[in-house]
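Within every chain, numbering begins at 1; the chains are lettered A, B, ... in the order of the sequence lines, protein sequences first and strands thereafter.
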Amino acid sequence: MKYEPKNIEKKWQKVWEESGIYKNYTRDKKFYTLDMFPYPSGAGLHVGHPKGYIATDVISRFKLLNGYSVLHPMGWDAFGLPAENYAIKNKVHPRIAVEENIATFKKQLEAFGFTYDWDREINTTDPEYYKWTQWIFLKLFEKGLAYESNEPVNWCPSCKTVLSNEDLENGLCERCGSEVEQKPMRQWVLKMTAYADRLLYDLDSPELDWEDSITDQQRNWIGRSEGVTIKFPISNSQEFIEVFTTRVDTIFGCTYCVVAPEHPVIENLKSQILNLKEVEDYVLSANKKTNLERAELQKEKTGIRLEGVEVINPFTQKAVPLFVADYVLGNYGTGAVMAVPAHDERDFEFAKKYDLAIKPAIAVDDALNDQTRKIFEVAKEIAIFAKENKLVAAFDGGIGLDIAMGMITRNHGDIDLQVEKEKLEVWEKYFEDKGFVIKKNPDERFELYVAELESLHIDFGCYIDDVEKLIKNTIENIEFTTFNPIEILKYKKSEAERTKSKRLKDIHDYALFGEGSFVEDGYLINSEKYSGLSSQEAREKMADWLEKEGIGKRKVNYKMRDWVYSRQRYWGEPIPIIHCEKCGAVGVPESDLPVVLPEVENYEPTGTGESPLANIAEWVNTTCPKCGGAGKRETNTMPQWGGSSWYYLRYIDPKNNGALVGKELEKEWMPVDLYVGGAEHATRHLLYARFWHKFLFDIGAVSTIEPFKKLVHVGLIMAEDGRKMSKRWNNVINPDDVIDEFGADAMRLYEMFMGPFTQSVAWSTSGVSGVRRFLEKVYGLRKKVQIQSADNICGAGIFIEVGNGSYLFHERDQFAKIAPGSVAFWGGGREKNETPSQCAIRELNEELGIDVQENDLETIADMTSKNYVDGEFDRFFNLHTYLDINNITVKEGKGYVVMSLGEAVNNPKIDTRTKTLLEIISKGKKNKSLLHKTIKKVTSDIENFRFNTAISQMMILVNAMEKEEKILVADYELLVTILAPFAPHMAEEIWEKLGHEQSIFLQSWPQHDLELMKESEIEIVVQVNGKVRERLMVAADVTEDEIKETALESEKVKVFTEGKEIRKIIFVPEKLINIVI
RNA sequence: GCCCAAAUGGUGGAAUUGGUAUACACGCACGACUCAAAAUCGUGUGGCGCAAGCCAUGAGAGUUCGAGUCUCUCUUUGGGCACCA
């Protein structure tokens, strides 16, 4: 009986594959479940990779059992840098390396027994596949969404190719970690920004049901901001610079302007710039800096003034100096900004360094400033008093918070002061003398609240010393009416950092700016006719004016850039473009697709900005499809993310020669119902794929606006030492070894059991042995359902009519519920030459006096005949569905008596055999309840990706079943069915051993029975003042008054209630009763 | 700096309309079987206390009859973004 997974698993994998059982695509309901297809690396799988695949397989099998047609495909994302780098390193052709790696991966995956339909396997490097990747590019090109650009791009000197923004990690090459340079190069770029708004807004569409963490990341990445562009004319010139700002309301505080080093104005104004040499040197040195350097040096801002050049603020008509500085980005907005040092931290730093004017243009409410000052004055007095009298005290979160509250509510500001309890009297006297009210009264202004504390509050807050400094730095140095943010910033940087108290800094922010500090709105000051307007009103009015005067306009900007789509590498899809001197860039005609990646002797990158393809003259030189003249092929290739941006469509119709996907099939299967993969793709693959899908929707190739309905991200599996699994740490666990030792089912089960699915958890090999033990227990339970050979059982049993009109058949300890209108017969008691039916009729008539006709017995005849086919199990038990016995109708003479189960057991008129039966039934009821609770929980847990708790629940059930002497086959079958998605091999094996001829995956998923879930007795917790004092077992239908009475009489409760007045009793049905005294 | 998520025994983790904190699993300890070991089975396992009981869900407050769960403040960890005007 010992569970030996090895042969069992191989056997069923073969059976499933040959029968194609999960490839039934003709059912009414469809479910498309998709894994992020792997890049087949040389290292093979480690145990972390399959976690997502196991989850989709559990869901697939669950959906199969629920009557769905399930599409669950797998393929290979095999183009790209890593494959090529691996090939170069190991001196094999990438195609050969990829083939070998795929073979390894496939073998590894097959060992898990996944339901993949390998007939639909796709490979992005297959010309029949990338033909359509190229086709999509051509369509983008036709619609003007693929264009050539010479803008500076990210260049990785180690990988010798350009990279998209999405390919960077902290400014480094995501692949090799090299610093990326900014180089202007000719590139193919896809106009992803044209879809920015739709990519953003459709995140809220009902067609999309993703985790917030992923949608938040995408929103962040897209980075939409609304503002205006404003033209600043350059004095003594026809030129102007255009700036972008979201805070036009601060424009009266603009004291200078800045352009990025790349900005063309520098070139255009050469003649006007007096310090041209210096400026050019600066631009040169700035261009040399990598992104990383620019970012790392952000604390120290550099720049240089363009001497002789001034720009005119269109609102004030006053000239301000112009700077070039690399803290302004060339590729965002217009590459130029207006600097408002009073309200922008970066401008402030720069202005400080170069001693530029700082002019406030926004202030918060004067009345609030008055209020703030009063609060600070009170705080100051208290601080001084405490210090002089050597009283230890701390201003709690209160001072900052409540001041902030005062600002926000504009009604009251309190000061919370926490002091030592024993010194309270001193404080009370002081406050009395001062005329403060020492109690909380939120309705009156500026009152003082002294908290009674058990001990000194020391964890946080600011001590008297800090408060004193705070006051000095605010009250004494600041003009409150037009307070100066600079002083605050100074304080914020120095003091807050020194005391390491973020709290203190927040106090300033809150007290003086409200939340958000520099960027917070207020009302305009020093802004001529706009003074007095709120920031919001001013932004509208100023934008209106700008547009009316033609000086500027409203504009939306995105952080997201267009997608740099070409790579200077060999191992990618050739871009299907032919360059012709006469016609320019011309798309390869559709009929000539695919443009096959040619064989090449040396596929190492050249580093020149050309791909190795440029060296193959016979491939490069071709004719222009438009004019027939000489043409040269585009030699750049596509990035790895091209093929993966639409692969989910190809699975639907993988062999279609005429289209990337057939329209009918596409409508039938799309969208992907469930997509599972790593969160690292949030801003790359998932963004690109959504972009392409929307484009394909626009050209009518697909019918949905979003590709992936539900997205779940899989948590990483870390190594046992808590680090990432990596060859470098030598802590990689190979799934092959685990499967070899514990079996695929144990592996599957363990990965689902380790913790919440989306969370990363450390691997534990002893944890695998735990689930293996569980599987063995389930397998071993078969012993308990095995009955004696049918020959040993004789005679018909007793029939009892149960509550709903059906009969319960009882023979020895075996019993079954028979549907109304049918009767059961146990095959063993036949006399010679008697058919089972005849025997049944005879025994029923003779022993029980029940009148039964031959035609009542159809079902039974079939069952009994099978008894003898399989000696180990009795098909008879297949009829056991459930036992629903609350009331029993017992035949008594000619009449019937209805009684409860409990009554029946104690009724002297009931014969011994029946009593035994009833006792078994009452005992079994508890497990019925547990069984059906388990069915319910496993069902909802699978639907909600809570696999760990589903498995826990099954473990609880199995532990309970193990304690039973006998288990009904029907119950066992239910258990095995709900376990089947997790441990399909073992479930199938048990199912076969139980005598079934069809696969368990052709069963239906069981429904839980609410009636059976009910317990007859429940435990009620008795609390006194919220603390548990007693637990009472009571009948499930007990009333509130009854339980109150019982609870109050309990000895344990009396100890606590004796002599006390009971103020209230709270009763929560079926859970608890709380006595409040 | 900004955005998101999290913090519960020795470990992974349970506990969702606020109602029995620590389910399930691992580990550990003891016992049974064994010449012995492994495997298996049984018992125990948050802390303090002889006990009654008290204390415990990162810290501190608040709301409530009752808080792991809700509110506020703070700390720490993980992930993402980062001079985006």
Side-chain angles (χ1 to χ4, degrees), chain A residues 169-171 211-217 219-221 223-225 227 243-247 250 258 294-295 297-299 301 325-329 331-334 336-340 343-347 349-350 396-398 400-401 405 416 418 451 453 457-461 501-503 506 517 519 557-561 679-680 682-683 716 750 753-756 758-771 773-774 776 946 948-949 951-956 959 1019-1028 1031 1052 1055 1063-1066 1068 1070-1077:
Chain A
E169 212 167 68
N170 297 323
E211 290 169 50
D212 288 347
S213 64
I214 308 278
T215 50
D216 282 342
Q217 272 188 54
R219 276 193 199 97
N220 218 316
W221 186 265
R224 183 180 203 273
S225 55
V243 303
F244 172 75
T245 180
T246 56
R247 290 298 306 273
T250 65
V258 192
R294 260 171 93 153
L297 295 169
Q298 66 175 277
K299 276 175 201 146
K301 300 217 174 344
D326 64 7
Y327 80 90
V328 172
L329 302 175
N331 52 2
Y332 181 78
T334 57
V337 300
M338 63 175 209
V340 185
H343 303 294
D344 183 279
E345 207 165 332
R346 293 154 302 175
D347 295 341
E349 276 177 48
F350 192 80
D396 179 26
L401 173 67
M405 299 261 286
D416 283 0
Q418 303 198 347
L453 281 191
H457 182 96
I458 56 162
D459 287 339
F460 55 87
S501 166
K502 191 169 166 281
R503 178 100 208 113
D506 286 348
S517 155
V519 290
N557 255 316
Y558 300 95
K559 282 203 255 181
M560 184 180 78
R561 309 285 149 79
E680 69 272 20
T683 52
L716 290 177
Y750 174 65
F753 180 64
M754 340 177 33
T758 59
Q759 191 180 302
S760 75
V761 201
W763 179 265
S764 150
T765 300
S766 56
V768 191
S769 61
V771 296
R773 268 199 284 276
F774 162 70
E776 283 176 9
R946 292 195 302 252
N948 55 332
T949 50
I951 294 166
S952 295
Q953 184 65 36
M954 288 190 280
M955 284 170 167
I956 293 170
N959 287 345
E1019 191 185 68
I1020 296 274
V1021 167
V1022 183
Q1023 294 182 335
V1024 178
N1025 280 353
K1027 291 201 171 176
V1028 180
R1031 293 151 205 270
K1052 285 188 185 168
V1055 173
R1063 298 208 333 246
K1064 213 191 309 182
I1065 293 182
I1066 285 145
V1068 182
E1070 288 175 37
K1071 290 235 164 96
L1072 61 76
I1073 179 163
N1074 188 9
I1075 300 161
V1076 187
I1077 53 172

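- Nucleotides B/rG47 and B/rU22 are separated by 13 Å at their C1' atoms, to the nearest Å.
- As rounded to whole Å, 18 Å separates atom P of B/rG13 from atom CD1 of A/Ile956.
- Atom pair A/Leu329:CG and B/rC81:C1' shows a separation of 14 Å (rounding to whole Å applied).
- Summarising the geometry of A/Ser952 relative to A/Phe753, their closest heavy-atom pair is OG-CE1, 3.5 Å, with the distance given to 0.1 Å.
- The separation of B/rU16 from B/rA7, taken at their P atoms, amounts to 13 Å, rounded to a whole angstrom.
- A/Asn331 has its side chain within reach of A/Arg561: a pair of non-hydrogen atoms, C-beta onward, lies under 4.5 Å apart.
- Remark: A/Ser213 is not in phosphate contact with B/rG79, judged by side-chain N or O atoms under 4.0 Å from OP1 or OP2.
- Note: CE (A/Met955) to P (B/rA25) measures 6 Å, nearest angstrom.
- Checking the phosphate oxygens (OP1, OP2) of B/rA6, no side-chain nitrogen or oxygen of A/Gln759 falls inside 4.0 Å.
- Within the nucleic acid shown, A/Ser769 has no heavy atom closer than 4.0 Å to any nucleic acid atom.
- When each of B/rC26, B/rG12, B/rA85 is scored by its nearest atom to the side-chain atoms of A/Ser764, the top-ranked nucleotide is B/rC26.
- The nucleotide whose nearest atom lies closest to any side-chain atom of A/Ser952 is, among B/rC65, B/rA23, B/rG80, B/rA23.
- Between the A/Asn557 side chain and the A/Ser225 main chain, no donor and acceptor come within less than 3.5 Å of each other.
- Residues A/Asn1074 and A/Lys1064 have side chains not in contact (no heavy-atom distance under 4.5 Å, counting atoms from C-beta outward).
- One interatomic measurement links the two molecules: OH of A/Tyr332 to P of B/rA82, which rounds to 13 Å at whole-angstrom precision.
- Taking the side chain of A/Asn948 as heavy atoms from C-beta on, and the options B/rA25, B/rA14, B/rA85, the nearest nucleotide is B/rA14.
- Comparing B/rA37 with B/rA59, their C1' atoms sit 49 Å apart, to the nearest whole Å.
- Note on A/Arg561: a base of the nucleic acid sits closer than 4.0 angstrom, heavy atoms only.
- In this structure, A/Ile1073 places its CD1 atom 14 Å from C1' of B/rG66, rounding to the nearest Å.
- If you take atom P in B/rG13 and the same atom in B/rG19, they sit 23 Å apart, rounded to whole Å.
- With distances taken from any side-chain atom of A/Asn959 to the nucleotides B/rA85, B/rA25, B/rC3, the minimum falls on B/rA25.
- The gap from the C1' atom of B/rA39 to that of B/rA32 amounts to 14 Å, rounded to the nearest Å.
- Distance A/Asp344 CG to B/rC83 P: 13 Å, rounded to the nearest Å.
- Under the 30°/60° scheme for interplanar angles, the aromatic rings of A/Tyr327 and A/Phe350 are found to be tilted.
- For the pair A/Met338 CE and B/rA85 P, the interatomic distance rounds to 12 Å; values are reported in whole Å.
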Starting at the 5' end of RNA chain B, write a dot or bracket for each base, bracketing those in Watson-Crick or G-U wobble pairs whose two distances are under 3.5 Å and using | for partners on another strand.
(((((((..(((......[....)))((((((.......))))))(((....)))..(((((..]....))))))))))))....

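- Distance CD/A/Gln1023 to NZ/A/Lys1071: 12.0 Å, rounded to 0.5 Å.
- Rounded to whole Å, atom C1' of B/rA82 lies 20 Å from atom OH of A/Tyr558.
- Heavy atoms of A/Phe753 sit under 4.0 angstrom from at least one base atom.
- At least one donor-acceptor pair closer than 3.5 Å links the side chain of A/Tyr750 to the backbone N or O of A/Ser764.
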Step by step, would you call A/Glu211 with A/Thr758 a side-chain contact (heavy atoms from CB on, under 4.5 Å)?
CA-CA 10 Å; A/Glu211 290 169 50; A/Thr758 59; 3.9 Å; yes

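- Applying side chain to side chain contact (heavy atoms under 4.5 Å, CB included) to A/Gln953 and the options A/Thr949, A/Ile951, A/Ile956 leaves one that passes, A/Ile956.
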Report each atom pair, protein N/O against N/O of nucleotides 19-21 of chain B, whose distance is under 3.5 angstrom.
unit_1 : atom_1 : unit_2    : atom_2 : d
B/rG19 : N2     : A/Gln1023 : OE1    : 3.4
B/rG19 : N2     : A/Asn1074 : ND2    : 3.3
B/rU20 : O2     : A/Arg1031 : NH1    : 2.0
B/rU20 : N3     : A/Glu1019 : OE1    : 3.1

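- A/Gly770 comes within 4.0 angstrom of the backbone, heavy atoms only, and of no base.
- Atoms CE and OG1, on A/Met338 and A/Thr245 in that order, are 4.0 Å from each other to the nearest 0.5 Å.
- Across the interface with RNA chain B, nearest-nucleotide mapping of A/Val771 and A/Gly755 shows A/Gly755 to be the residue nearer the 5′ end.
- For B/rC2 and B/rA67, the P atoms lie 33 Å apart once the distance is rounded to whole Å.
- B/rG9 takes the syn form, because its glycosidic angle lies no more than 90° either side of 0.
- The shortest distance between the side-chain N/O atoms of A/Arg773 and the OP1/OP2 oxygens of B/rC26 is below 4.0 Å.
- Not one side-chain nitrogen or oxygen of A/Tyr327 sits closer than 4.0 Å to the OP1 or OP2 atom of B/rA85.
- The phosphate of B/rC83 (OP1 or OP2) has no side-chain N or O of A/Lys559 nearer than 4.0 angstrom.
- Atom OG1 in A/Thr215 sits 11.0 Å away from atom CG in A/Asn220 (nearest 0.5 Å).
- Side chains of A/Val1076 and A/Ile1065 form no contact here, defined as non-hydrogen atoms less than 4.5 Å apart.
- Here, B/rC65 and B/rG49 have their P atoms 35 Å apart, quoted to the whole Å.
- Residue A/Ser766 is the one, among A/Ser766 and A/Asn1025, whose nearest nucleotide of RNA chain B lies closer to the 5' end (criterion: closest heavy atom).
- When heavy atoms are screened at a 4.0 angstrom cut-off, A/Asp347 is found touching no nucleic acid atom at all.
- The gap from the C1' atom of B/rU45 to that of B/rC24 amounts to 15 Å, rounded to the nearest Å.
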